[in-house]
There are 2 protein chains.
Amino acid sequence: MGVRAQQKEKTRRALVDAAFNQLSAERSFSSLSLREVAREAGIAPTSFYRHFKDMDELGLTMVDEGGLTLRQLMRKGRQRAASGGSVIRTSAETFMEVLDSNPNVFRILLHERSGTTPAFRAAVAREIRHFIAELAHYIEQQADRPSDAAWAQAEALVTLVFHSGAEALDLKSSQRKPLTERLVLQLRMVVKGAEGLANRY
Amino acid sequence: MGVRAQQKEKTRRALVDAAFNQLSAERSFSSLSLREVAREAGIAPTSFYRHFKDMDELGLTMVDEGGLTLRQLMRKGRQRAASGGSVIRTSAETFMEVLDSNPNVFRILLHERSGTTPAFRAAVAREIRHFIAELAHYIEQQADRPSDAAWAQAEALVTLVFHSGAEALDLKSSQRKPLTERLVLQLRMVVKGAEGLANRY
DNA sequence: TAAATTAGCTTACAACTGTAAGCTCAAAAT
DNA sequence: ATTTTGAGCTTACAGTTGTAAGCTAATTTA
């Protein structure tokens, strides 16, 4: 890669990072202006267009990148569970740790899931579907369940995890223990109930 | 009430209604400007301040009003269930009907739940807590469950219902049947699982 | 070596925002 | 009958936004 392409890539990253860094509980992606992001990245507003067609394109890049990051981290967590310990508990705790270290990655997914841009909602939905698919696959194999039931179960589990994640974002990490316990209990309900329904019919 | 107070109330309603009407899948409350709302309500921008301190105050009014409306509709639905039929199925179907007739009432709750204004998030959380409390109370009585387990269960149920509601918003009402069926299945998992966990210990 | 490409810049503009100041005039209070 | 109140208006201003036009200078290509 030439000197020029290298510098361009560096600036592009600066833009993505600038946008991620400006996210917070009080600041969503859609509330960021092109000029703010450019300012934070240290370039002129109009130079932004050398990298992205518009803010939407930047945002979609972030959603994709965020979804990938999150899945990688969760996969690492599942490896930890494989080497001993409850899958449910380990997964719940892993997720909370991810929140702690990458809050803004989760924030953009959470917020844009119910955002106003159809393209964003679709992108987030796709990322979440990846989550569900991985989990549904695991359930199908592990519990030998028909695939539609496995999907419904996986979706319920992911929904509950995301919801607790959203609540956890508003708390200091020291306050998250009871929330995690309640989440574990809710996940157990779903798993136990899915077993019950599968065995009865 | 005097003529004057009557007219004022009328304009206030016009503002609230204007704001509700401007909501859509592509337009969240926080993306509305004061001037837009005033325009739609047929008053001058500066006259807005005769009724609300700022847009946040209008938004909080809408959240309160929306939460109330939603709970009233759901209560009506529960009465229908009392006179025969599965509670789970009837509740799920009622919720979908509410979505159909009052999409924007649900939209503001859904969107501001993960929005950027702390006051909004708190207000929505409070409304949802009302939902959960009503349901937890029902479960405690009906199934004689300890109150913390009943709460966790109720929260899980409400979480799943809201999530399906969010997905349903993006669909035409004719496309919502399978989604409702999946929701019913997920709710059954939770109920069944909660039973299982309660009986085992 | 000469020409072409391009990342980033400066300047500029029209559109929109929230809101301050102050007027009008009908209803309410005295 | 007179005064006070207040909902709604017009005008005005400063700030921010996205983005168009065109320049510069350094890398890349021919």
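Each chain gets a letter, A, B and so on, in the order its sequence line appears, and its residues count up from 1.
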Got a salt bridge between [X] and [Y], using NZ or NE/NH1/NH2 to carboxylate O under 4.0 Å?
{"X": "Glu195(B)", "Y": "Lys192(A)", "answer": "no"}
{"X": "Glu155(B)", "Y": "Arg182(A)", "answer": "yes"}
{"X": "Arg27(A)", "Y": "Glu36(A)", "answer": "yes"}

### Query
So, is Thr11(B) close to the dG8(D) phosphate, meaning a side-chain N or O under 4.0 Å from OP1 or OP2?
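True: Thr11(B) side-chain N/O within range (under 4.0 Å) of dG8(D) OP1/OP2.
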
Mind calculating the distance between [atom1] ([X]) and [atom2] ([N]) to the nearest angstrom?
{"X": "Glu9(A)", "N": "dT6(C)", "atom1": "CD", "atom2": "P", "value": "17 Å"}
{"X": "Ile43(A)", "N": "dG18(D)", "atom1": "CD1", "atom2": "P", "value": "13 Å"}
{"X": "Met1(B)", "N": "dA7(D)", "atom1": "CE", "atom2": "P", "value": "13 Å"}
{"X": "Arg12(B)", "N": "dA7(D)", "atom1": "CZ", "atom2": "P", "value": "12 Å"}
{"X": "Lys8(A)", "N": "dT28(D)", "atom1": "NZ", "atom2": "P", "value": "13 Å"}

Assert: residue with more 5' nearest nucleotide on DNA chain C, out of Leu32(B) and Ala5(B), is Leu32(B)

Please tell me whether Thr11(B) and Gln7(B) have a donor and an acceptor in their side chains that are separated by less than 3.5 angstrom.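 Checked: Thr11(B)/Gln7(B) side chains pair up, N/O donor to acceptor below 3.5 Å.
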
Q. Cut-off 3.5 Å, side chains only: do Ser114(B) and Ser114(A) have a donor facing an acceptor?
A.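 Yes, a side-chain donor-acceptor pair sits under 3.5 Å.
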
Q: Kindly point out which of dG6(D), dT27(D), dA7(D) is positioned nearest to the side chain of Arg4(B)?
A: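 Selected nucleotide (nearest to the side chain): dG6(D).
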
Next on the checklist: Categorize Arg39(A) for me: base, sugar-phosphate, or nothing, with a 4.0 angstrom heavy-atom threshold over every strand shown.
Outcome noted: sugar-phosphate

Does any donor-acceptor pair link the side chain of Arg35(A) with the base of dT16(D) at a separation under 3.5 Å? no

### Proximity to DNA chain D (any heavy atom under 4.0 Å), residues of residues 46-56 of chain A only
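Hits under 4.0 Å, by residue number: Thr46(A), Tyr49(A).
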
Taking every heavy atom of Val16(A) against every heavy atom of Glu65(A), the minimum-distance pair comes out as CG1-OE2, 3.9 Å

